[in-house]
J.: 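What follows is a single structure, and I will ask about it in a moment.
As the structure is a computational prediction, the values presented were derived from the model and not from experiment. Order of appearance sets the numbers: ligands from 1, and atoms from 1 within every ligand.
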Amino acid sequence: MNPEPRIIGFCCYTCAYAAADLAGSMRVTYDPAITIVAIPCTGAVEPGVVLAAFEEGADGVFIAGCLDGECHYKSGNLRAKERVRALCAVLEKLGLETARLEMFQVSAAMATRFRDKATAFAARIRALPPSPVRRREGRGE
Ligand code: FES
């Protein structure tokens, strides 16, 4: 049996984090393997931060931000989408499945959409073996 996965969700404070918070207030639950990290904007998530999360043993990482046209820093979410695409290519070269990284977008009011997207992502990660980085470090047990 696979160990409990470790999933990091970088969530834009004004939208995705607020949606996750609203989900909590509404008692709309999502996968407990998800650790949410509040960030000012998805555009602030440097590629090195995502790679560091994998290096530290994350089995999956998602970045959740504002809807198109609603980023409070104008185009941070668009930049983040491009970075995720580029990072998927890097993951592939490193031998990690690209399914381990995803970006999705929600508004602050979309608690159930947040739950649905986060839960679907977590289910995908649970279907994968532990990250090879985690196994290599002897943390897969
Ligand atoms: Fe939310 Fe930029 S402020 S993605």
J.: Does the Arg115 side chain pair with the main chain of Thr29, one donor and one acceptor, at a distance under 3.5 Å?
T.: no

J.: Can you run down the salt bridge (charged side-chain N to carboxylate O under 4.0 Å, His left out) pairs that involve residues 8-20, sequence neighbours left out, and say none if there aren't any?
T.: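 Every candidate salt bridge (charged side-chain N to carboxylate O under 4.0 Å, His left out) pair involving residues 8-20 fails, so no pair, neighbours aside, qualifies.
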
J.: Do any protein N, O or S atoms sit under 2.8 Å from atom 1 (Fe) of ligand 1, and which ones are they?
T.: Cys12 SG, Cys66 SG

J.: Can you give me the closest heavy-atom contact between Leu101 and Arg124, atom names plus distance?
T.: O-NH2, 4.5 Å

J.: For a quick test of reading the model, state the closest non-hydrogen atom pair linking Cys12 to Pro40 and the distance between them.
T.: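 Closest heavy-atom pair between Cys12 and Pro40: SG-O, 4.1 Å.
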
J.: Could you check whether any side-chain heavy atom of Leu91 comes within less than 4.5 Å of a side-chain heavy atom of Leu51, counting everything from C-beta outward?
T.: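 Touching, per the 4.5 Å side-chain cut-off.
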
J.: For the residue pair Thr42 and Gly65, what are the closest heavy atoms and their distance?
T.: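 So the two residues come closest at CG2-CA, 3.4 Å.
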
